[in-house]
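Notes for the one structure printed next.
Here the structure is a predicted model, which is why all the values come from computation and not from measurement. First listed ligand is number 1; within each ligand, the first listed atom is number 1.
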Amino acid sequence: MPGVEEIKNNLISKLRYSLCLDLKDATHADIFNALALTIRDFQLDSFFATKHYQKEAKSKRLYYLSMEFLLGQSLRNNLMNLGLYPAAHQALNELGFDFEDITAEEPDAALGNGGLGRLAACFIDSMATLDIAASGHGIKYEYGLFKQSIQHGRQVEQPDDWHSTHSPWLIDHHSQLMLIPIGGHIEESEDIDGNYNPMWMDWRVIVGVPHDYFVTGYGGKTVNKLRLYSAAASDSFDVHIFNRGDYLRAVSQKIASENISKILYPADEIQSGKELRLTQEYFLVACTLRDIFQEFTDKSDDITALPDAVAIQLNDTHPALAIVEMMRILVDEHRLDWDAAWDITQKTCAFTNHTLMPEALETWPVTLFEKLLPRHLQIIYEINHRFLADVAEKWPDRPELLASLSLFEERGEKKIRMAHLAIVGSHKVNGVAKLHSELIKQDLVPNFYFISPEKFTNQTNGVTPRRWIQQANTQLATFLTRQLGAGWVTDLDKLQRLKKLANDSGVVEEIQSIKLHNKQALCRLIASRQGIKVDPLAMFDSQVKRIHEYKRQLLNVLHVIHLYLGIVESGNTLIQPKVHLFSGKAAPGYAMAKLIIQLINEVARTVNNDPRTKGQLSVLFLEDYKVSLAEHIIPATDLSEQISTAGTEASGTSNMKFSMNGALTIGTMDGANIEIRDAVGAENFYLFGATAAEINTHRATGSHNQIYHSNPVIRETVDALVSGRFNLDKSLFQPIYRMLTEGDHYCHLLDFDSYRLAQHQVLTDFSQPQQWHQKALLNIAGMGSFSSDRTIKGYASEIWGITC
Ligand code: 26W
């Protein structure tokens with residue numbers, strides 16, 4: 001294990017020989033880069049050892065394909081997992097630098113939108129920690145998720161040039177370029193035996209460049225890699241066009257190729273339908289499969305043994321083309337017959353669904369698809385033909401099954417249904433929380449469940465305790481280690497032993513003082529970022545996540561308006577002072593979500609500037625939500641808002657992070673909230689709202705749209721939106737008013753009263769600190785099974801056939 005001197009010497013040498021800088025001239029950013037390069041060398045030593053070990057052990061390999069990996073910062077996490085944190089801390093101090101100043105220099109790697117991307121980041125941490133031979137595969141976007149600022153209450157987007165100075169964590173492998181064909185057309189032909197042998201002709205080439213990011217498992221024993229591909233133009237192809245004298249076309253093709261990895265699509269839960277996005281998805285899949293086949297054929301020449309050596313997990317449908325590309329490689333390149341190829345493909349691939357929102361389900365127009373991937377389209381037709389023939393044979397009396405199961409949507413413009421492709425080509429399909437997995441079977445694809453019930457399973461999400469407790473909440477981590485020993489970091493079930501301490505008032509007071517410490521730290525951050533002073537003794541109530549109607553930030557802000565009106569119109573006094581924190585980004589094209597951001601900001605301005613609310617109520621919208629900001633907000637929160645309409649949030653993962661950091665939850669019967677409530681005890685969770693079944697009933701009758709007219713408290717609150725109270729332009733929030741009173745699909749008003757009562761109970765309980773923090777302790781104690789280590793063990797044993 002390297003010591004302080006070694007780290008210091010290596011750091012200085014990195015500064016000098018890799019960055020060409022002298023210590024005395026180095027900025028904090030330079031020191032960050034030099035330290036990261038130093039640490040990366042230690043990772044590499046373990047990486048080679050891991051590679052050797054995994055090869056010797058002939059470990060089955062897992063390939064995790066995801067269009068998003070929301071990594072955030074890496075320095076502190078790597079130091080902790082390698083066991084180098086104290087030494088690096090001291091080394092920096094001895095060189096005259098403050099550790100916090102240096103770590104704060106690291107830009108977040110925001111290669112993801114939200115839940116799905118952050119889950120992938122937690123998973124690669126857990127896979128390395130569990131010593132699984134695994135790699136993540138994604139795209140090295142030049143621009144990650146946009147940066148958000150708030151100007152005049154509105155979201156403004158700026159590009160996230162995270163990579164302009166080149167991330168020190170990435171190693172580029174220009175010697176391992178991969179050539180990816182795209183475009184062209186099919187020429188029908190026969191091979192020498194007279195078999196149908198279509199030729200894919202006139203394609204152009206995109207070049208994939210792999211970049212490796214090293215993933216250190218806790219303890220530093222296993223170091224896996226996350227491989228991110230960037231796209232470049234092929235020189236040889238350029239020469240081809242140049243020779244024809246078409247210089248401008250050659251250059252524009254080159255730019256087009258490079259654009260493929262330029263930017264992450266910023267819309268979650270709504271599919272773009274854009275050619276560039278489809279190209280990105282294919283690019284990821286094609287690059288990854290080249291790696292998979294290369295690695296496999298290096299050690300085996302029996303291609304039929306592939307499913308014993310390889311498992312592929314598809315993170316939603318975005319990489320579902322892996323199924324088709326695998327078939328193309330097996331049939332066209334390895335010359336396998338169709339059935340053998342299909343057997344290998346199905347046994348290798350598995351698919352995770354992350355959303356029930358209909359607008360998020362991917363479909364691609366056949367015409368667009370054919371232009372880019374003519375051979376793949378042929379293969380999809382063949383998969384569909386054989387699949388439907390099989391269904392027709394097994395269920396001859398159910399002809400209606402065929403249209404509903406087909407890989408093609410035939411109504412309107414003909415489209416490929418990517419979820420159907422992913423289900424048909426996988427041996428397992430999982431949801432990400434118990435309720436979600438049930439709804440997949442009952443509502444999303446009931447006919448697939450009917451024909452292949454054995455495929456469907458659940459793997460409830462989890463989060464890594466290394467980042468979300470040990471790194472984000474160092475005081476809590478120290479407390480846990482003192483109470484439970486150091487083993488909790490990799491065995492989170494140990495948390496349940498805290499239950500027996502719940503009646504120890506000294507322990508409960510300690511939980512309270514840890515929370516206060518974290519709140520004070522957040523107050524300093526808020527003061528420096530936003531110039532606003534908040535009282536750390538107030539209750540901190542947080543809702544931080546993407547802004548979306550189904551997540552119902554609007555319900556939260558309506559309740560804030562209700563409290564505000566109570567103070568200024570009825571002279572009420574809150575039982576306890578409250579700070580409402582909001583943070584999150586809206587997709588740039590999502591007008592309603594952007595208007596909700598504006599409403600929150602206008603309510604914040606009004607409430608915070610009104611002297612009558614002083615010392616009682618304040619509202620903050622923290623700009624530019626990202627992983628590193630979440631690491632500050634979550635440990636400092638008293639109340640976690642998990643208030644989506646029941647049946648809409650697949651799982652949620654911030655709900656887990658909050659609860660394991662000692663926040664209490666106010667939440668609906670949705671996603672993983674249900675399992676969290678069971679785990680921490682119903683008496684330590686503020687449940688409200690209609691169930692998924694009740695929501696369905698209300699939507700069917702339309703009764704939820706009548707509530708505005710029949711409930712005066714609600715009417716007063718909703719009317720305030722168009723009263724000019726929050727903005728001189730009375731029409732500004734009219735679209736929200738109309739939605740709530742005419743077509744409230746997410747049932748805000750239906751749940752309003754129940755939410756209001758639950759919130760009242762929260763404040764009452766918060767005024768009893770001992771009881772409140774006892775509940776907080778019981779939340780922490782109950783959260784052991786929400787470690788992503790538990791989730792990954794589930795995938796490994798039930799889906800991948802990997803023992804760990
Ligand atoms: C095609 C556009 C697009 C992009 C991303 C559609 C949908 C998505 C994701 C599936 C959205 C997402 O992040 N889903 C979230 O996944 C988390 C991890 O499983 C869950 O905890 C969240 O409930 C779910 O919304």
Are [X] and ligand 1 in contact, using a heavy-atom cut-off of under 4.0 Å?
| X | value |
| --- | --- |
| I270 | yes |
| N113 | no |
| M357 | no |

### Query
Does the cation-pi check pass for K262 over Y143, that is, NZ or CZ under 6.0 Å from the six-membered ring centre and within 45° of its axis?
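No, K262 does not sit over the ring of Y143.
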### Message
Taking E631 first and then K626, would you say they form a salt bridge - that is, a charged N and a carboxylate O separated by under 4.0 Å?
### Response
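Looking at K626 together with E631, the answer is no, because their closest N to O distance does not fall below 4.0 Å.
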### Separation between OH of Y625 and NZ of K585, rounded to the nearest 0.5 Å
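Between Y625 OH and K585 NZ, I get 10.5 Å after rounding to 0.5 Å.
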Measure the distance from [atom] to every protein heavy atom, then report the residue, atom name and distance (to 0.1 Å) of the closest one.
| atom | answer |
| --- | --- |
| atom 5 (C) of ligand 1 | H318 CE1, 3.6 Å |
| atom 22 (C) of ligand 1 | E649 OE1, 3.3 Å |
| atom 6 (C) of ligand 1 | E269 N, 3.3 Å |
| atom 13 (O) of ligand 1 | L116 N, 3.0 Å |
| atom 21 (O) of ligand 1 | G652 N, 2.8 Å |

Winner among [options] once heavy atoms are compared against [atom]:
| atom | options | answer |
| --- | --- | --- |
| atom 1 (C) of ligand 1 | Q271, H436, R118 | Q271 |
| atom 24 (C) of ligand 1 | H354, Q459, E359, M67 | H354 |
| atom 18 (C) of ligand 1 | N461, N655, T653, D268 | N461 |

Taking only heavy atoms of [X], which atoms of ligand 1 are found under 4.0 Å from at least one of them?
| X | value |
| --- | --- |
| A360 | 6 (C), 7 (C) |
| D316 | 10 (C) |
| Y550 | 25 (O) |

### Query
Counting heavy atoms only, which part of V432 comes closer than 4.0 Å to ligand 1: side chain, backbone, both or neither?
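Answer for V432: side chain.
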### Message
Counting only heavy atoms closer than 4.0 Å, does ligand 1 sit against the backbone of A267, its side chain, both, or neither?
### Response
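Answer for A267: backbone.
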### D108 (side chain) donor-acceptor with A110 (main chain) under 3.5 angstrom
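Side chain of D108 to backbone of A110, a donor-acceptor pair under 3.5 Å: no, none is there.
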Would you check if the distance from the ring center of [X] to the ring center of [Y] is below 6.0 Å?
| X | Y | answer |
| --- | --- | --- |
| H137 | Y63 | yes |
| H559 | Y755 | yes |
| F123 | Y795 | yes |
| Y590 | H548 | yes |
| H745 | Y550 | no |

Any nitrogen or oxygen of [X] lying under 3.5 Å from a nitrogen or oxygen in ligand 1? Just yes or no.
| X | answer |
| --- | --- |
| E68 | no |
| A650 | yes |
| T355 | no |

Taking everything shown except [X] itself, do over 12 heavy atoms lie less than 6.0 Å from its [atom1]?
| X | atom1 | result |
| --- | --- | --- |
| K414 | NZ | yes |
| K594 | NZ | yes |
| K434 | NZ | no |

